[in-house]
Each structure stands twice: as C-alpha cells, then as structure tokens.
2 protein chains.
Amino acid sequence: MTIQQVATEAGVSPSTVSNLLNGRNHRMLPETRQRIERAIDKLGYRPNRAARQLRTGRNTTIGLVVPSVGNPFWGALARHLESAALAEGYHVLLCNSERDPRRERDYVDELWADGVHGVVLCSSLPSLDHVMPLVERGLQLVAFDRTSQAGDPASLVSISVDNAIGSQLATQHLTDLGHRRLAFVSGALASVNRKERYRGFTAGLEQAGIDPATSVRAPVKGDADDFGDVEASELGRAAAAELLALEEPPTGIVAINDMCALGVCRGLRDGGLEVGKDVSVVGFDDIVLADLYAPTLTTVRQPMKEMAAAAFTQLRSRLDDSGPTQGQSLLFRPELIVRESTAPPT
Amino acid sequence: MTIQQVATEAGVSPSTVSNLLNGRNHRMLPETRQRIERAIDKLGYRPNRAARQLRTGRNTTIGLVVPSVGNPFWGALARHLESAALAEGYHVLLCNSERDPRRERDYVDELWADGVHGVVLCSSLPSLDHVMPLVERGLQLVAFDRTSQAGDPASLVSISVDNAIGSQLATQHLTDLGHRRLAFVSGALASVNRKERYRGFTAGLEQAGIDPATSVRAPVKGDADDFGDVEASELGRAAAAELLALEEPPTGIVAINDMCALGVCRGLRDGGLEVGKDVSVVGFDDIVLADLYAPTLTTVRQPMKEMAAAAFTQLRSRLDDSGPTQGQSLLFRPELIVRESTAPPT
DNA sequence: CTGAAAGCGCTAACAC
DNA sequence: GTGTTAGCGCTTTCAG
C-alpha cells in the first residue's frame with residue numbers, strides 16, 4: 001500500500017497525494033481532493049513512517065525516560081504526558097532507567113538513533129553532561145522533576161515542583177503540630193530534587209527554631225545503593241526500624257516521597273507504633289495510594305497533570321521551531337494535603 | 001554520519017560495512033574488519049533505523065499495550081518485559097489504552113504503521129476482532145492476562161495466570177477460615193479474565209457447600225462504566241459502602257485485583273470496621289503495595305517476571321521465524337499469599 | 001573477499 | 001493545480 005498506488009487509484013501523481021497528506025490541501029481542486037480521499041479510504045492506505053522519517057528527518061514521537069514505572073508517580077506522569085501528546089498526534093516512547101545513569105544515557109542515545117528529537121528526561125543526575133553531545137546536535141530536552149543547574153545546556157527546559165518549598169511545607173506542618181524531634185528519610189541524596197527536599201526540611205526546622213543538627217537524616221548508612229523506587233518502600237521500612245532503635249526516636253518523619261513514606265509507616269507498624277498517633281509521617285507526590293492507605297497519608301501534592309501538559313507543550317513548540325530556543329525553568333507550586341498520618345505529638 | 005562515510009574512512013565499500021553491521025563478518029579479512037570497526041568508532045557512527053527499516057521492513061521494537069500504567073501491576077509488567085527485551089537488543093513501546101477499546105485498536109494500528117511487527121496486548125476485550133486484519137497481514141500478537149478464546153486468531157499466543165484457580169484459592173482460603181457470607185467485588189465483568197475470576201469465586205463457594213446465590217457480587221449497579229484501573233480503588237471503596245449497608249454484610253470479600261482490594265479496605269475503614277478482624281479481604285496480583293498496606297493484604301500472586309519473560313520469548317521467536325507459527329496458551333500457576341487482611345470471622 | 005547498483009516509500013523543489 | 005524528479009541511508013543481489 002504505497003502513495004503511488006493511491007495516486008494511481010485517484011488518477012493523480014504521488015506528489016499531489018503527498019501534498020494532501022501534509023496539509024497543503026489549498027493547493028488543489030476540491031474534487032481532486034475528494035478523489036484522493038476516497039482512494040485513501042478505499043485502499044486503507046497509511047503512510048509509511050520509516051520512509052517519511054528517512055525523507056524529512058522528523059517524526060512525531062517523543063521519548064519519556066522515567067526512573068521507575070514501578071512507582072505509580074511515574075506511571076501517572078506517563079499517563080498524563082501521553083494524553084497530552086496523543087491529542088496532538090504525537091506518540092510517547094516510554095523508557096525506564098531504573099535510576100541507572102548508564103541506562104539513562106543509553107536510552108537517550110537509542111531514542112536519538114531512532115530519530116526521536118524530543119525527550120522528557122526525569123533524570124536523577126545532578127549533571128546532564130552525558131547527554132550534552134546529543135543536545136548539541138539538536139536534541140530537545142525537557143528535564144522533569146529536576147530544576148536547572150549551572151552547567152546545564154542553555155536550551156534546556158526544566159519542569160519541576162518547588163521541592164524545597166514542598167518539603168518545607170511538610171516540615172512546617174509537623175512543627176506547627178508541635179513536633180520537635182524530626183527525621184528526614186531518604187535514600188542517597190544523589191539527585192537535585194532530593195537535595196532540595198532536604199534543604200526544605202532543614203529550612204523548616206530552622207524556621208521553627210530547631211537546630212537541624214539535633215534532627216536525624218536516616219538511613220545514615222547505605223547511601224550509595226539505595227536509590228531505587230520500588231526499593232524506596234523497603235528503604236523506608238528499614239529506616240523506620242533504625243529510627244525506632246534510637247534513644248529518643250523522632251515523633252515526626254518527613255519522607256522523600258510517598259512510596260518511601262508508605263514503607264516508613266509499615267516499619268513503624270512493625271515496631272508496634274501507630275502512625276498518626278504515636279508518630280506522624282508526611283510523604284511527597286500524592287500518589288493515588290496516599291488516600292487509600294491506612295491511615296491516609298499527609299503529603300505534598302505535585303500538580304502532575306499541569307506539569308505533564310507543560311512538558312509536552314514546551315517540547316512540542318521547540319520541535320516545531322515555533323517556540324523559544326532559550327532554556328527556561330518552570331517551577332510549580334506544591335500543595336500540602338493534610339490527612340490522617342499526622343497529628344500532634346502525644 | 002552515514003554508512004558511506006564510514007566506508008570511505010575505512011577505504012572499503014558501503015556493502016562491506018553493511019555486511020559487518022549485519023553479522024556477516026566471516027565474509028571479510030580480519031584486517032578489513034578491524035579497519036571498519038575503527039572507522040565506526042572514530043566517527044561515532046550509528047546506523048539510521050528509519051533507513052534500515054525502510055529497506056528491510058523489520059525493526060527491533062515491540063509494542064506493549066496495557067490497560068493502565070496507573071496501576072502498579074502494569075508498571076511491573078512493563079519493567080519486566082522491558083528488561084527481557086533490552087537484554088536482546090529490543091525496545092519496548094509502551095501504550096496505555098485506559099481500557100478504551102478504540103484507543104486499544106488505534107494503538108495497535110499505529111504500532112503497525114510504525115513498522116512494529118510484534119505486540120504484547122493486555123486486552124480487556126473478549127474478542128480480538130478489532131486487530132484481526134493486522135494479524136492476517138502478519139502482526140504477531142501475544143495476549144497477556146487473557147486466555148485464548150474460540151474466535152481468536154490461530155497464531156495467537158496467550159499468556160495468563162490461571163485466573164479461575166487463583167480466585168478459587170482466594171475464596172477457599174476464606175471458606176477454610178470459616179467465612180460463609182462472601183462477596184465478590186469487581187467492576188464490569190467485561191473482560192475474559194474477570195469472568196474467570198468470578199467463575200473461580202463461585203467454584204470456591206460451591207466447593208464449600210455454599211450456594212453462590214446467597215453471596216453477593218458488588219457493586220450491583222454501574223457495571224458499564226466502572227472498568228478503569230485507577231478507578232478500581234474508588235470502585236472498591238464505593239462497593240464496600242454498599243456492602244456494609246446490607247442487612248447481613250459479608251464477612252469475607254474477594255476483590256478483582258489489589259487496587260480494588262485496597263479501595264475495599266479503605267471503604268470498610270470508612271464504615272468503622274477493621275480489616276483482618278471484622279472483615280477479611282483478599283486481593284489479586286500481589287503488587288508491591290500489598291505488603292506495605294495496613295493491614296498487609298492477603299492476595300493471589302501472579303508470577304509476573306516469568307510471565308513477562310515468556311511473553312518476550314514467544315514474541316521474539318515468532319518475529320525471527322524461528323518459533324512455531326501455531327498459537328499456544330501458557331497458563332501460569334497463581335499462588336495464594338496469606339497476610340494480615342484475612343482471619344477467621346468473629 | 002569486496003564493490004556496484006538498484007530501490008524500499010516518501011517529500012519537496014522545481015517544472016509545466 | 002499538478003506532475004517530474006532526485007534523493008534520504010540502508011541492504012542485498014549479483015559481478016568481479
């Protein structure tokens with residue numbers, strides 16, 4: 001089923017069919033157009049993308065590289081980005097880096113080799129050097145959940161929630177409730193957003209007149225290898241056990257994200273404590289499960305839908321050349337969602 | 001960066017480079033080979049996939065169409081399938097149908113138009129008629145989580161857990177504990193696997209000498225529109241409310257999947273009941289969260305990793321022409337995982 | 001063992 | 001308005 005056959009069927013030349021296919025339909029008689037459309041329908045013709053791409057160097061696929069589809073947060077991003085893309089006739093190629101820098105780079109390379117010119121990269125890495133060569137050759141990059149850094153490519157778009165504010169809100173919520181002994185639970189602070197969340201935590205403490213030095217960041221050990229997402233829950237659980245073993249366990253815990261928070265809750269329960277009573281826990285992300293859990297989880301919501309839509313819009317306008325070529329940062333406002341997992345200390 | 005430039009650099013012809021690229025390297029002197037490899041490295045050459053595909057009609061991408069990446073169960077499938085594919089140099093293009101039959105068909109069409117010849121389809125639909133035209137043209141299809149049906153294409157591979165046995169195990173577990181008033185909570189029984197799970201439920205009841213007519217399938221209303229996955233939890237929650245309003249509420253509940261079960265637990269809690277004490281709940285899938293929830297969720301585990309690996313292996317061998325062309329069904333054995341959400345009735 | 005040549009399906013100048 | 005033409009980068013006979 002080629003454009004040639006359609007042309008023959010419609011009694012026109014391939015280029016006329018091509019013109020129609022590419023929206024240059026003012027260039028032909030309405031009746032010609034009709035004939036071509038009928039031929040297309042009759043033959044069930046679909047343009048061959050490989051040929052089209054070979055010719056134009058363009059395509060309508062964008063890449064999405066996420067740390068882990070095992071975490072519903074990233075699943076939600078995928079859904080929303082896909083919806084936005086689909087509505088404009090774009091496709092999304094989803095890649096799962098498992099927070100492995102090599103895999104991340106390999107995927108971006110692969111995407112580029114596949115002719116994908118726009119990628120939404122949810123990178124855990126502080127530096128984007130590993131993808132710079134491609135950016136220099138024209139790859140359009142949107143960094144998601146990672147604010148701009150000094151060494152970033154000039155054309156980079158960054159889309160992120162304000163992580164520092166988010167976890168400061170979380171922390172402040174706990175101090176407002178009267179908690180004084182707080183802990184921050186995370187894996188390695190190996191990514192930009194994690195560092196910022198930690199910064200928000202300490203800022204929140206200081207604001208409440210608590211010396212950050214007296215608070216705990218757990219787990220203290222194992223910072224190097226505990227960076228996963230599915231593992232986030234296991235990590236939270238283990239961290240909770242560690243915290244409970246302290247002389248003066250914290251009464252309030254800020255977790256790096258909801259999966260981790262859920263693990264923390266599990267760990268506290270292992271230790272015989274009741275979350276939302278003996279200990280308060282705050283998460284980050286507001287995944288669907290936060291509202292299902294027992295107790296329901298107080299957390300910091302990221303406006304995912306808006307962020308995903310922005311990511312697509314930015315990418316699209318740059319792929320079109322219709323947008324600015326200058327980089328920019330979009331920082332979204334996080335929102336504290338208070339539920340049952342937090343309460344005044346007993 | 002074309003094959004021509006590599007050829008020039010290495011002082012050979014493009015076809016020799018192509019031969020090397022395609023594993024026909026016995027056809028050349030070792031030193032020629034060396035020269036070419038050096039040239040490739042030096043120039044950082046990567047074959048253009050579009051061109052290659054245009055020429056050969058083949059590619060190394062497989063499609064995965066899932067009902068919803070918002071459900072961690074499908075996220076887990078994506079991860080495992082991707083791992084298996086990656087190890088063999090294949091890519092996975094993930095598509096999210098949101099259980100919309102039209103979207104499902106459109107995606108399969110799109111994939112085919114993109115030159116994808118193999119698709120893992122997690123279809124909710126009893127009939128695969130909508131993709132038959134493509135199968136007739138050579139699309140290799142693996143149906144996941146959907147057992148073979150009478151009208152299916154002869155070449156179809158089906159990979160699924162034995163759903164009937166799974167939910168029979170779940171039901172039996174409840175009856176063994178002494179429960180006599182049971183309910184089955186699901187959205188519309190619109191898919192093959194859901195029907196089977198329901199069948200397993202009734203089989204389990206009969207085996208325990210309970211008349212299925214006295215048990216409840218909830219929700220009774222709204223069967224048409226409540227077929228989603230993220231919504232599964234909301235549905236479970238609403239269903240629980242309905243059940244509690246009955247004169248004699250069930251003491252044991254079998255849910256269609258874990259997300260739904262989590263919603264049920266939430267709904268029971270809304271009603272002031274304690275799961276694993278006042279009421280027992282069993283899920284299906286064994287998502288990561290089943291073991292995090294409070295109480296931890298008794299559920300039926302699907303051997304996801306093995307199933308995903310099988311899906312890829314089957315697809316691959318058929319794309320290679322190295323496998324059988326006959327269809328086949330692979331039914332995996334589910335496993336009951338007993339946790340805290342089930343206990344004898346009080 | 002290596003090279004020359006044809007063409008996959010499409011698009012975009014450029015003619016007419 | 002519509003057709004002609006020249007490739008995009010690659011693979012694969014078929015010659016040498």
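Being a predicted model, the structure only gives us computed values, none of them experimental.
Taking the side chain of A/Ala51 as heavy atoms from C-beta on, and the options C/dC1, D/dT11, C/dG9, the nearest nucleotide is C/dG9. Here the nucleotide nearest the side chain of B/Thr2, chosen from D/dT2, D/dT11, D/dC10, is D/dC10. Closest to the side chain of A/Ser13, from the set D/dG3, D/dT11, D/dC10, is D/dG3. In the set C/dG3, C/dT11, D/dT11, the nucleotide with an atom closest to the side chain of B/Ile3 is D/dT11. With D/dT11, C/dT11, D/dC8 as the choices, the nucleotide that has an atom nearest any side-chain atom of A/Pro14 turns out to be C/dT11. Taking every side-chain heavy atom of A/Asn48 into account, C/dG9 is the closest of C/dT2, D/dT2, C/dG9. For A/Val12, whose side chain is taken as the heavy atoms from C-beta onward, the closest listed nucleotide among D/dG3, D/dT12, C/dA12 is D/dG3.
A/Thr32 has a side-chain polar atom (N or O) that falls below the 4.0 Å cut-off from OP1 or OP2 of D/dT2. Phosphate proximity of D/dT11 to B/Thr56: absent, as no side-chain N or O sits under 4.0 Å from OP1 or OP2. At the phosphate of C/dT11, OP1 or OP2 sits under 4.0 Å from a side-chain N or O atom of A/Ser18.
Between the side chains of A/Ser127 and A/Asp129, at least one donor N or O sits under 3.5 Å from an acceptor N or O. Counting only N and O atoms by type, the side chains of A/Ser155 and A/Gln140 include no donor and acceptor under 3.5 Å apart. Side-chain contact annotation: B/Asn193 with B/Ser191, donor-acceptor N/O pair under 3.5 Å present. No side-chain N or O of A/Ser158 forms a donor-acceptor pair with one of A/Thr147 less than 3.5 Å apart.
The CD-C1' distance, from B/Gln5 to D/dC10, rounds to 14 Å in whole Å. B/Asn22 places its CG atom 6 Å from the P atom of D/dT12, with the value rounded to the nearest Å. Nucleotide C/dC8 holds its C1' atom 15 Å from the CE atom of A/Met1, rounded to whole Å. Put simply, CD on A/Gln53 is 12 Å from P on D/dG9, counting in whole angstrom units. Rounded to whole Å, the distance from CG on B/Leu20 to C1' on D/dT11 is 14 Å.
Counting heavy-atom neighbours within 6.0 Å of A/Glu88 CD, excluding the residue itself, gives a total above 12.
Taking the nucleotide of DNA chain C with the nearest heavy atom to each of B/Arg55 and B/Leu29, the more 5' of the two is matched to B/Leu29.
A/Ser15 contributes a side-chain N or O that forms a donor-acceptor pair with the base of D/dT4 under 3.5 Å.
Residue B/Arg58 is classed as having no contact, given no heavy-atom separation below 4.0 Å to the nucleic acid.
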